[in-house]
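Sequence lines set the chain letters: A, B, ... in the order given, protein chains first and strands last, and positions in each chain run from 1.
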Amino acid sequence: MQTASSPTPLLAARDLSVGLVNRHGAFLATNRVSLAVDRGQSLGLLGESGCGKSITLRALLGLVPHPGEIVGGSVTWKGRDWRSLSKSEIRRIRGKDIAMIFQDPASCLNPVFTIGDQVTETLRLKLALKAKAARELARDLLDQVGIPAPEERLRLYPHQLSGGMRQRVMIAMAIATEPDLLLADEPTTALDVTIQDQILTLLARLKERNRMAMILVSHDVGVVAQNCDFIAVMYAGHIVEWGPTHDVLRTPRHPYTRGLLAAIPRLEVSGGRHPLQTIAGAPPTPGELPEGCPFRLRCPSARPECATIPVTLDRKPPDHGSACPIVM
Amino acid sequence: MRPSPPGIEKDAWLRLTRRARLDRGWATISLYAGIAIVAFIAALSAAAPFLGLRDPTATDLMNALQPPSLAFPFGTDDLGRDIFARVVYAGRVDLVFGIVVTYVSLVIGLSIGAISGYFGGLVDTVIMRIVDLVISFPFIILILTIAAIVGPGLTGAYIGVIAVSWALYARLTRGEMLAIRRREFILNAETLGYSAPRVVFVHALPNLLRANLVFSMSDIVLNILTLAALSYLGLGVAPPTPEWGEMIAQGQKNLFNAWWISTLPGLVIVLVGIGFSLIGDGLADRLDESGR
Amino acid sequence: MTETPLLSVTSLHKTFGGRASLARLLQGKPARRLTALDDVSLTLGRNEVLGIVGESGSGKSTIARCITRLEKPDQGEITFAGEDVWQARGAKLRGIRKDLQMIYQDPYGALNPRMSIGRAIAEPALVHGLIGRDGARALACELLDRVGLPRSVAELTPRALSGGQRQRVAIARALALKPRVIIADEAVSALDASVQAQILNLFGELMRDLSLSMIFISHQLSVIAHLADRVAVMYLGRIVETGATADVFARPRHPYTAALLKAHPHLEARRSQTPALAGEIPSAYAIPEGCRFNTRCRYAETRCRLSDPPAAAFAQGHEAWCHVLPDLENSANS
Amino acid sequence: MSLIAFAGRRLAQAIPVLLIITVAAFSVIHLVPGDPARVMLGSRATDEAVQVLREQLGLDKPLVTQYLDFLKAAMQLDFGDSLFQRTAIGPIVAARAVHSLALVGYAVLISLVIAVPLALLSAIRRNLLADHVVRALTTLAFCMPSFWTALLLVLLFSIRLKFFPTSGLGDSPLAYLASLTLPAVSIGLYLTPILLRSLRASLIQTLGAEFVEAARARGFGEARILFKHVLRNSLIAMLTILGINVGFLISGAVIVENVFSIPGLGSLMVAAIVQRDYPVIVALTLVFGVVVVAANFLVDLSYALLDPRIRQ
């Protein structure tokens with residue numbers, strides 16, 4: 001399934017499945033997920049905890065932690081299958097062409113090295129810069145991501161910076177090589193709302209400037225809505241709906257997406273405590289999925305045939321597709 | 001085994017399920033294997049008088065330094081005593097010592113650590129200074145010093161090892177207590193105005209037991225090793241009472257011509273140690289709560 | 001509001017000690033102290049939901065901890081139904097403890113992992129002598145019904161429950177004492193959106209059916225907007241704006257409130273080119289002189305750096321502590 | 001905070017601990033049931049002899065005076081005379097401490113050489129065959145009595161293979177090293193499981209940290225990640241682990257010195273207890289206490305040097 005407008009998208013995953021192991025056994029965290037992004041596009045992976053959105057992102061970079069592994073499907077980068085690339089080629093792509101930022105800025109910097117050490121290490125390795133040039137570029141990068149007094153910050157250790165500043169440092173390291181694609185895993189979840197706003201504005205500006213593609217993983221509909229061109233809604237390891245952000249939010253097609261959007265309290269409708277629409281039950285535990293459609297046990301429109309239908313989108317991206325053949 | 005789901009590479013899925021099964025299976029095997037080993041040796045020692053063994057203290061110079069044989073499965077020592085019988089009888093001293101010392105220390109350490117961690121403040125600071133000192137001090141020196149005060153012998157060993165061992169439990173419990181004290185069900189109990197003993201003993205304590213129980217398995221091994229070491233140094237169980245460390249010491253002078261006198265009792269210690277360690281590994285997995 | 005409030009907090013101050021360092025001691029400086037609450041006053045009326053919103057370090061959780069006697073305030077007074085919460089002793093204290101119940105953020109930490117759900121729910125009522133041993137089972141069932149869980153849950157341990165179910169149990173446990181006030185500290189923040197809506201609805205039902213009052217603390221503006229009748233916006237240990245929720249969110253009178261509302265990720269609007277608020281939250285160890293918001297405020301003037309702004313009152317109890325905006329507003333109106 | 005200020009504060013914290021140790025050491029003599037002088041000399045000693053000893057040890061003075069005298073003397077490294085050897089304890093201890101120190105240093109080296117690579121292997125290949133093998137060996141080593149291990153080594157390397165002497169100390173540097181080898185290996189094997197377990201746990205924790213994943217996502221090579229990023233963090237943990245286990249290490253040395261009859265502090269301690277030579281016991285308790293406090297101080301200091309978070 002081709003999932004972007006151009007014939008060879010920048011990055012594409014086809015029927016990607018990732019298996020993980022927990023105390024109860026092996027289970028599929030990501031189940032035949034297909035997605036793609038093109039240059040300059042941003043895709044939001046939206047879903048609740050445990051839906052497999054973060055592990056999908058890691059699988060795109062080949063970073064599934066042992067003892068889990070990719071158990072099916074493929075990932076292609078500029079038309080080339082990851083599996084056909086050598087280890088050193090993969091390493092060259094990681095961090096140079098594709099960069100990644102993480103959720104917890106407190107732990108994604110090494111606590112025993114200074115900010116300068118860590119930023120310049122990337123520059124020296126990825127851009128083959130000499131120490132002095134790396135230092136200068138590092139200062140410049142910190143400046144670009146809005147860190148005041150960059151020269152002094154380079155000498156500090158991560159614990160001496162606030163969470164927002166640490167995330168800026170991560171972003172500085174990520175954009176240093178002017179990557180084609182940025183993967184962002186809940187980059188603002190650990191931050192306060194005003195800081196989240198600053199970081200997202202920064203990301204939007206950098207994306208615009210560098211014509212960078214972005215895949216943003218988030219549980220927050222608002223964050224995805226404001227920052228992404230396309231939305232992929234994930235539920236229990238499957239992509240259940242895909243489409244342009246505007247369409248998905250305006251006219252959600254899958255019952256899960258509809259339920260999710262209705263369940264979110266809005267700032268605009270203050271007070272009154274009118275009951276929100278809810279989705280019955282709780283997200284399923286990984287590894288304990290029903291046969292057929294994974295949402296059918298919570299779905300208000302479920303029918304007997306839902307137990308046998310395959311979970312596939314009814315329209316090809318970039319069109320607005322839904323994995324529910326019942327609700328049109 | 002569950003069949004591989006559609007659209008999945010079969011080999012990869014098989015590999016994954018096998019990995020999952022191995023991880024789970026190992027803990028159970030470990031637990032039962034450990035229990036089997038310990039139970040076997042404990043049962044043998046408990047039933048020693050009824051097994052028709054030779055008298056462990058009876059000397060028989062005619063049969064001195066016999067290598068292992070059908071008549072003497074572990075051979076005999078320089079006084080002609082049956083090493084197998086001595087090893088079995090020694091279990092009565094060593095196993096009882098290990099278990100009693102460990103659990104007396106656990107109760108003392110758990111109480112002190114829980115109180116120290118819950119109330120904090122000056123009491124905590126003072127207790128923890130002492131605990132740190134006891135733990136970082138070479139335990140053998142401390143025990144030897146106590147043995148010097150009380151006088152060598154099993155009583156000295158009991159007092160000495162308990163005097164050292166409680167501190168490990170106190171530190172472990174305090175650490176756990178500090179973590180659990182911030183958990184919201186403890187805060188909730190406090191806001192409800194429950195009495196401090198109720199919060200500590202009814203709500204916190206059951207959650208502190210896990211780490212202590214798991215650690216106690218290693219500690220039993222450590223304590224048996226310590227008794228053996230004391231006896232080896234001539235400051236624990238005095239001859240002719242059979243004890244594993246004492247037997248190893250007795251064998252040292254005949255190491256050149258009768259290897260079995262020292263090595264076989266040592267092997268039994270190792271076996272017991274492995275038994276308890278396996279139980280500990282199994283318990284750690286069984287009692288693990290991180291699997292939400 | 002003319003009637004006496006059910007719960008009132010007056011001029012609450014709370015600082016936490018930093019570590020005394022030798023260097024500071026030698027220089028004769030006092031140990032650094034973290035200011036959690038600096039002169040905070042608020043009231044809660046009968047059958048009212050008061051929302052407290054703020055970012056990390058604003059002191060919103062400390063208020064809850066002071067009210068529930070987990071932290072002793074340095075100064076200030078907390079009265080509940082006419083009784084001073086920190087002076088009360090004996091039966092009066094027990095009454096206050098019964099009437100003020102707290103619900104916490106982490107559904108995984110809120111329940112004792114070694115205690116069955118039924119026992120966890122009934123225990124507070126048992127300890128407070130509201131029921132006898134034989135009443136425990138019936139009470140647990142009644143409360144499980146109330147929070148929408150099957151009765152069979154009573155036999156389980158928390159391990160078998162999902163996050164949302166655990167939070168329902170925590171609510172049932174709080175209801176066991178028939179409290180008059182519930183203090184919910186980020187009680188839905190850790191939950192997934194679909195489950196969060198269920199719990200918010202449950203809170204709505206409880207408010208309607210049980211004539212409870214509630215202090216609802218959250219960093220999520222939308223949740224506050226949904227649930228709270230009145231809201232207090234906090235910044236660095238102080239309330240900067242308070243009033244009826246609809247009013248405050250529709251017409252914020254403090255630049256910080258306005259920025260919070262703008263920074264909130266809306267579903268409909270595309271993001272603007274500039275962030276709603278520049279700069280970082282200052283350290284609670286070194287609160288800025290004058291108006292504490294002046295380091296990040298786009299309207300800041302000289303007076304904002306010199307003196308604390310007084311309260312500016314608007315219609316229906318809407319108040320904001322800002323030098324500049326109320327003046328601008330007045331000049332615009334006149 | 002600067003390193004010096006940190007060191008100063010840490011030193012200040014050590015003083016009360018040192019005082020507790022002196023009180024404990026001082027109490028040893030007085031905790032013995034009955035008249036200490038009588039106990040030391042045995043029941044057949046004459047009353048005059050007991051009285052002489054009592055005066056010699058100052059046991060007739062008030063307790064506080066005795067303690068202050070003891071403290072003053074100890075600060076000048078004067079621990080009195082050994083009852084058994086009839087000479088000053090200070091020089092005896094000093095002469096023996098050299099051998100103990102050499103032995104312990106050698107043992108730590110051996111232990112690190114075994115534990116660090118195996119812990120790395122085990123952590124990287126977590127839950128795979130190599131890890132299971134390493135963990136099984138660790139458990140085995142943990143359960144082996146150190147003196148028994150020592151005897152096995154003697155049996156194999158001294159008696160069968162005749163590589164190393166069975167006991168005593170060699171004269172030439174090479175012979176000295178050779179005679180310390182088996183004891184050091186015995187202590188090393190005793191310490192290794194403790195170090196290995198802690199190091200493995202610390203490595204696994206670091207390997208799972210987000211900054212390691214971030215480094216991988218940045219396309220750094222595994223070797224670089226391991227040796228630069230992970231090991232640096234784990235070395236800090238290693239130092240702590242070593243610091244905590246100094247006491248354990250000394251305990252091992254005390255036992256093993258006795259197996260090989262090495263004239264170190266451990267064998268002195270055991271001999272003193274057998275001979276009821278209380279002044280020596282007191283002196284050694286004090287010495288070991290100071291060694292432990294000093295070791296922990298040094299560990300904390302190097303810890304602060306390596307980990308920027310501690311100095312804060």
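Only the side chain of C:L177 has a heavy atom closer than 4.5 Å to any heavy atom of chain B. For B:R198, the part lying near chain C is the side chain, with the backbone staying farther off; criterion is any non-hydrogen pair under 4.5 Å. Contact annotation for C:L111: only backbone heavy atoms (N, CA, C, O) come within less than 4.5 Å of a heavy atom of chain B.
The nearest pair of heavy atoms linking C:P113 to B:R183 is CG-NH2, 3.9 Å.
Residues forming a salt bridge (charged side-chain N to carboxylate O under 4.0 Å, His left out) with B:E176 (at least two apart in sequence, or on another chain): none. Under the rule for a salt bridge (charged side-chain N to carboxylate O under 4.0 Å, His left out), C:R168 has no partner lying at least two apart in sequence or in another chain.
Atom CG of B:N188 sits about 10.5 Å away from atom CG of C:N112, to the nearest 0.5 Å. Within the model, atoms CG of B:N207 and CZ of C:R114 stand 6.0 Å from one another, a figure rounded to the nearest 0.5 Å.
Comparing C:R69, C:Q105, C:R94, C:K98 by how many heavy-atom pairs each has under 4.5 Å with chain B, the most go to C:Q105. With respect to chain C, the highest number of heavy-atom pairs below 4.5 Å among B:V202, B:T191, B:I186, B:I180 belongs to B:T191.
At a threshold of 4.5 Å between non-hydrogen side-chain atoms, the residues C:I103 and B:E184 do not count as touching.
Taking a 6.0 Å sphere around CH2 of C:W86, one finds it holds more than 12 heavy atoms contributed by other residues, nucleotides or ligands. At most 12 non-hydrogen atoms from other residues, nucleotides or ligands lie less than 6.0 angstrom from CZ of B:F40.
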Given C:R65 and B:L187, is the side chain to side chain contact (heavy atoms under 4.5 Å, CB included) satisfied, shown in steps?
CA-CA 9 Å; C:R65 294 173 62 87; B:L187 292 184; 3.6 Å; yes

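Residue-level contacts of residues 121-137 of chain C with chain B, in order of numbering, are C:E123, C:P124, C:V127, C:H128; threshold 4.5 Å between heavy atoms.
The ring-ring contact (aromatic ring centres under 6.0 Å, His included) analysis of residues 174-201 of chain B, with sequence neighbours excluded, yields the pairs B:Y194-B:H203.
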